[in-house]
Each structure stands twice: as structure tokens, then as C-alpha cells.
Amino acid sequence: MNYQLNTSLSIALGAKTAQALKKSFDMHTVEDLLRHFPRRYAKRGELTPMDSLQIDENVTVMAQIQSIKKRSMQKKRGGILEVEVTDGSGFLTLTFFNQDWRERDLRPGRMGLFSGKITAYRSKRQLAHPTYLLAPDNEDLDPEAVETFARPLISVYPATSTMPTWRIEKMITLLLEGLSESIDDGLSPEIVSQYSFFSLYESFQKIHRPTTLEEVEAAKQRFVFLEALQYQLILLRNRLRYSEANAKPIDATSDSLLRTFDSQLPFTLTEGQVQVCNEIFADLAKPHPMHRLLQGEVGSGKTLCAIRSMLRVIEGGGQTALLAPTEVLAWQHFRSIQALVPEGITVTLLTGSMKAASVRHALESIADGSSNIVVGTHSLIQERVEFRNLELVIVDEQHRFGVEQRAALAAKAPSGLRPHVLVMTATPIPRTVAMTVFGDLDISILQELPQGRKQIDTFVVDMNEKPHHVERAWNRILEEVSKGFQAYVVCPKISPKLKEGENEENSDTSLNDVENILQYLSHGPLKSLRLAPLHGKMTSDEKEQTMRAFQAKEIDVLISTTVIEVGVDVSTATVMVIMNADNFGISQLHQLRGRVGRGEHPGLCLLMTTADADSTSRQRLDAVASTLDGFKLSEVDLEQRREGNVLGSQQSGFKSGLRLLRVLRDEFIIDSARTWAQSILDTDPELLNHKELRMSILALENQSEAEFLEKA
Ligand code: ADP
Ligand code: MG
């Protein structure tokens, strides 16, 4: 036995077990299983006789199962399993909630070791959800197994009902015993000695079989660093590829389009806009594709930078594309760009739900080059969309586009050339996050808001504590409309229909959805106003018409879902009421309220909630109400959310997301991994002398590509 990392599980554990692991966890190799790290570690006491069990103590008892009983819980679904065990000196009850499947194992008569914390329930001592090891029917426990079970720290693995943690533990024990000591992950001796990492072999041993938790943490460091290094290698190699690829250099000497455009603007550019555009223009002038991220607070005027960049490219004879995350936003960009750009420039809209004839017409003008600016949703990525000479791609509100989507669009440039790419986002991103998610891009930041931007006041309205404030919210809308302004009411859902798995009691008929709210307001508090719904289930024509009517002030109040979340720009809308605001995340709320107060009139945002005053949801709302600084909010957000979500595959474009790396905590590691990655690539850009690293990042890249193809 000398297992390598890539030894197949069927060789190490037999075909049947391997099959089960494949089914449960999609594991194939020894490494896959060894990288299945414990979810947590249970502390276990010495064997304790049952007549001396103390409340709150961690204990392990050896005992025989006497009886087993199933009870259903009042008011809740699911049941409780109560298992009575004895060691001759006393009795103890084991309880399991919603784990009826354990009934199969926990048969009366069987011997077992049971471990957990002693609690008291109705003056009886019990173990809730103990870990356990059972002997086969009519047999005693295997002495060796007893010894392993009595180790100080027990690994508890992510498990399924067919693949319980003790079974995983047993298999990992087998692997660790047969594991070759020479396994390697490609970290060089210099790196290992600089950070005093354990060898890879030791790291696995210590993570799965630790004696102390400190040891686990130390052993994990190697994997954290490796992960950071892999990411940085991927990102820096992408960057290297861009810098070697060819793009059409764009240095418009005449710039007449741009000058015409600027002279027709009703305002002057902010200093930030001028500077950002200059950074972009400098990139465009190079014979290699630009890959730049433009980060700018909600309302900072990123679109203007985009349009100016597009005009530069068009002046030089190229086509440009603007990719928006939603149809509403695509349509709005289409309209506002059309209104802004100088005469003679053709702007084309292409979205998924357009009628076949308009699509055909759009595709033609894109293919023959008569369309200068193409605005669309992700349908622009489709294969049938062919550009004549696409030279610049702008991705607006990037957080919904992954790395691969960018790549797919980039592939639409004329052969041999790649388009320049500008990604725009209003989500403020802490430095290390930017380095991890956008580490292949150069970054520009648009700090200031245009002059004369008014304040947005945000208040939390506690609907339980202060019901009369709800009435006042509707009155505020009436007041604003009477002054000639407009309003949004944002709801978490479209209709009150039950979500899957919800039962009658849970479904709420409260003001949570567009249909209900529209009903209520149009017959009640706002019956004198013109209301209209807007949500994702409407056809694109309907959405378009509604937005057009709203912009033309034929509608006073839009009752909408978050389709208006990003980018919607109607400067006469001044109030936003967000129903059940605790349903939304921090950055979402920040984005949403960015829709009001966009003109020279102050905005008002009311966050309606029934969340308890001291709940975390309420803290989120209070945070949003307390500041307009998106950067501060994104930090609160990161602290509150699991980072996995922040950096989920959607955003990072990597399927696995991050396994161990934590972008806030691991700043130092990310920094040093980037430096190491750079120095590795300096001498070995193709990683020819770094086989393990090359293979592992290839696997990561393939994984994310496969995932992308699946989705598409
Ligand atoms: P965001 O950065 O959130 O995408 P937009 O590009 O939608 O912001 O711009 C928000 C609003 O500010 C738009 O109505 C736009 O016309 C306006 N705007 C952009 N630049 C300026 C400026 N320099 N001065 C005044 N208003 C501006
Ligand atoms: Mg925008």
C-alpha cells in the first residue's frame, strides 16, 4: 500500500465503497476524500460509568441499547427518536431530532459507545445527538475501535444519511494508514520553510487525527496558502495572456464624436470621470486588450465613462457592446444612450424576450457592422450573435457575470484580435476581495458623486412597534407625488403564491408581494394615484412600456420587485418604500435606494420591517440607515454573511468557490501568495517545472469551465 493523491478510490477502498463515495460526494481519488475535512471536532471524555454522570459534562459511555421510541413533535414537522441505553449501573436517554433513519442502526440489544454532552430534560439526564460507534449485532465492540473512539478529539465529517460521519472516518483511517509519505502539492521548499508548514503528509494526518485544535489550525495553513496561490496563479496567468493577446489599438486623433458629445452634455464631467476616462483611453491605445474594472459608488456616473469610451472606439471604426444584468436595465441604457449620443450613431437593443422579427433585424445590423453600439442582456453571449468588428465590451454591474461570461464575449472579436473589456460595478469591494475575484483586472475607482447630488435620508419603520408610521409612509408618497415627483414601492415577491414546501400557516397574506400591495394601495391609501406593477414575470414589451410610462410621468408609483435594483435612473423619483426590507441583503438595499435622490431633489428611503429590534436582520437595516458609504456597508455585509456567498461561483466564476481561504481574515496570505505566484511565473510562465501546481490549477479551471457549460 502506497497511496498517491491520484490513486483511485476503487483501488484504495474497493469498488463498492468507491461507488458510494462517488454517489454521495462525487469523489474519485484519494485526494478527494482526504480533502473532505472535518466539519468540526467533538471533544470526548474518558469512559464514564452511568451512575456518575454530571450535567454539562462531555462523556463517553459504553452501553447496551434497551429500547427505542419514536415521538412526533408538537406543532413542528419531524419526530424525535428516544433511545434508552444502560450499562448495568444506570440508564440514560439518547435523543435525535428529525433523524428517523438512525432507527435502522440503533436496534435494541446492540452494544455501543455513545459520546456527547450531558443535559437535563424534565429532570432526566440525556445525551442529545451523541456521536456513536455500534458493535455488530450480538457482538462486543472491537477493542481497537474502542481505542480510536476514545481519542481526545473526534473528527465530525460533513455527512449524508447514507454516508454517516463514522463511516467516512473509518475510510479516511484506511487511507491515512496507506498514504505515501512522499505526496506533494507543489509548494516549493522555500515556501514551506518560510511559513513553517507541515509536510503535506503530516498536514493530512493532523487535520484528520488531531490531538489539539491548535494543531488543526496549523496544519490547515498549508491548504489555505495553496488555495490562495492557485487562485493567484490562475489570475496572473490570465493577465499574462491578455497582455500577450492582440487588440486593435485605438487612438482617435480627431476625437470629433467625443467632442460633440461632451459639448452637448447638460453638465460638466467630474474630475473623477475625466481621470477614469483617461486611464481607459490609455489602455485602449495599446495593441493589447484592456481588462479594467471600474468601481464607483451608486450614482457616480459610470455610464458616462462607458459612453465616452465607446465613442472613442466608434470614431476609430469599431463596434461596441454594453452588457447589462437585467432587461429593464438593458432597455434603460438603450434609451438613455440613444438620447445622448451624437446623430448618426446606431444603437441596437438585443434581449432574450424580444420578438423574433426584431431579433433578426438586430442580428443583421450587428453582423453587417451598421450597428455601432449594441446594448443587451446575457443573450449577447449567445453563439448566433456575430459582430462584424467588436472592439470594446462593457459589462455593467458586473456582480452577476462570471469570469467565463466575460471570456465568451471576448471571443466574439474579429479573428486574431480580442476586444478591450471594461467591467463596471457599484459594489464596493475590499482590497483583498478585489485581488481574489478581480485579480486579473486593472482597477479604476470613481470616488466622488456629481455636484449637486442630494442626500438620501433612510429610515427604518418598525411595523410592529409603530404601526401608525406605516400610514405616514403612504402619506409621504402622496406628498411627493403632489409636488410632481414619483415613487417606488419594492416588494420581495411577485405574488402571494406559496413557495414550495410552505404550508398554509406559514404563507403570509401580509404586504409582501407585488400583487397584494398593488391591490391594497390602489383601493386604499394611494387610490388617488396612478400605480403600476413591474416585475420579472412580465414580458419585455410590458416592462419596456411600463418603464417608458414611468419616465414620462404617466405613472406615479411603481410597485416592483428588485428588477429595479441596479442602475434604473429616473431622476424625478424621490421616495422609495421597501416592504419587508429585512428580506434583502445590505448591498441590495444600498443599490435599491440608489434609485432615488438621483436628480437635484433629496431622496427618501423607508425600510419597512417586522423584524425584532435586536435581531441581526434589524441590525442590517440600521446599518443601511446609518450611512450612505457603500464601502462601510460592504464591510458590515462581509462580516454578517458567510464569505462563501460573497465569493460564490457566480461572482468569482470558480465553481468550487473558496474552500478554506477567507478574504478578510487571510489578507496577509493573499498578499504573499500573489507575490509568490508572480515570482513563479516570472521564471516559469507555463509552469513546466511546476507539475503539481500546473495540474491542480488546470483541474480548477476545467471544473469552472464545465460548470459554465452546464449552466449555458
Ligand atoms: P452609476 O454610476 O450608478 O451607473 P449613472 O451613470 O447611472 O450612475 O449616473 C447617474 C446619474 O448621474 C445619471 O442621471 C447621469 O446622467 C448623471 N450624471 C453623470 N455624470 C454627471 C455629472 N458629471 N454631473 C451631473 N450629473 C451626472
Ligand atoms: Mg449604472
Side-chain angles (χ1 to χ4, degrees), residues 258 261-280 292-311 322-326 328-342 347 373 375 394-401 422-429 443-456 485-486 488 547 550-553 562-574 576 587-603 605 628-631 633-634:
L258 198 57
F261 174 76
D262 286 350
S263 69
Q264 288 170 355
L265 275 180
F267 43 71
T268 48
L269 300 176
T270 65
E271 256 175 59
Q273 284 170 324
V274 172
Q275 195 198 325
V276 164
C277 287
N278 287 339
E279 285 168 5
I280 296 171
R292 187 169 284 279
L293 173 72
L294 171 53
Q295 216 183 305
E297 188 53 90
V298 180
S300 58
K302 295 182 290 294
T303 319
L304 210 72
C305 300
I307 299 176
R308 295 185 83 236
S309 313
M310 294 197 279
L311 291 176
L322 175 62
L323 207 57
T326 64
V328 171
L329 192 51
W331 179 82
Q332 177 191 282
H333 274 318
F334 170 68
R335 294 271 298 180
S336 65
I337 290 174
Q338 219 174 19
L340 276 172
V341 294
V347 189
I373 297 178
V375 181
I394 296 177
V395 180
D396 191 21
E397 308 296 355
Q398 114 80 34
H399 53 288
R400 299 189 185 176
F401 285 100
L422 178 68
V423 172
M424 306 197 291
T425 177
T427 315
I429 308 165
I443 295 182
S444 292
I445 294 178
L446 204 49
Q447 296 258 340
E448 62 192 314
L449 297 182
Q451 285 279 309
R453 228 359 104 62
K454 287 292 187 308
Q455 181 70 13
I456 305 173
F485 298 123
Q486 290 153 286
Y488 300 99
M547 278 311 289
F550 190 60
Q551 262 168 355
K553 287 196 170 187
T562 54
V563 290
I564 59 149
E565 177 187 342
V566 285
V568 166
D569 188 24
V570 176
S571 61
T572 44
T574 52
M576 174 175 289
S587 61
Q588 220 178 358
L589 291 169
H590 184 55
Q591 289 277 339
L592 278 169
R593 83 173 145 185
R595 306 305 115 221
V596 291
R598 293 178 79 81
E600 56 269 28
H601 321 290
C605 176
L628 283 173
D629 182 339
F631 200 87
L633 288 174
S634 85

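First listed ligand is number 1; within each ligand, the first listed atom is number 1. Because only heavy atoms are used, hydrogens play no part in the values below, and waters and symmetry mates are left out as well, while side chains stay in.
Taken from CD1 in Ile394 to CG in Leu294, the straight-line distance is 9.5 Å, to the nearest 0.5 Å. Note: His601 NE2 to Ile456 CD1 = 13.5 Å, rounded to the nearest 0.5 Å.
Heavy-atom neighbours of Glu271 CD from other residues, nucleotides or ligands within 6.0 Å: at or below the threshold of 12.
Using a cutoff of 4.0 Å between basic side-chain nitrogens and carboxylate oxygens, Asp262 and Arg308 are scored as salt-bridged.
Of the candidates Thr268, Leu265, Leu340, the one placing a heavy atom closest to atom 23 (N) of ligand 1 is Thr268. The option with the heavy atom closest to atom 2 (O) of ligand 1, from among Lys302, Gln295, Met424, His333, is Lys302.
Atom numbering of ligand 1 starts at 1 in the shown order; those under 4.0 Å from a heavy atom of Thr303 are 4 (O), 5 (P), 6 (O), 7 (O). With ligand atoms numbered from 1 in the order given, ligand 1 contributes 23 (N) to contacts under 4.0 Å with heavy atoms of Thr270.
Look at Ser300 and you'll find a heavy atom under 4.0 Å from some atom of ligand 1.
When only interatomic distances are considered, the shortest N/O to N/O separation between Leu269 and ligand 1 does not fall below 3.5 Å.
For Gln295 and Thr425, the side-chain atoms include no donor-acceptor pair closer than 3.5 Å.
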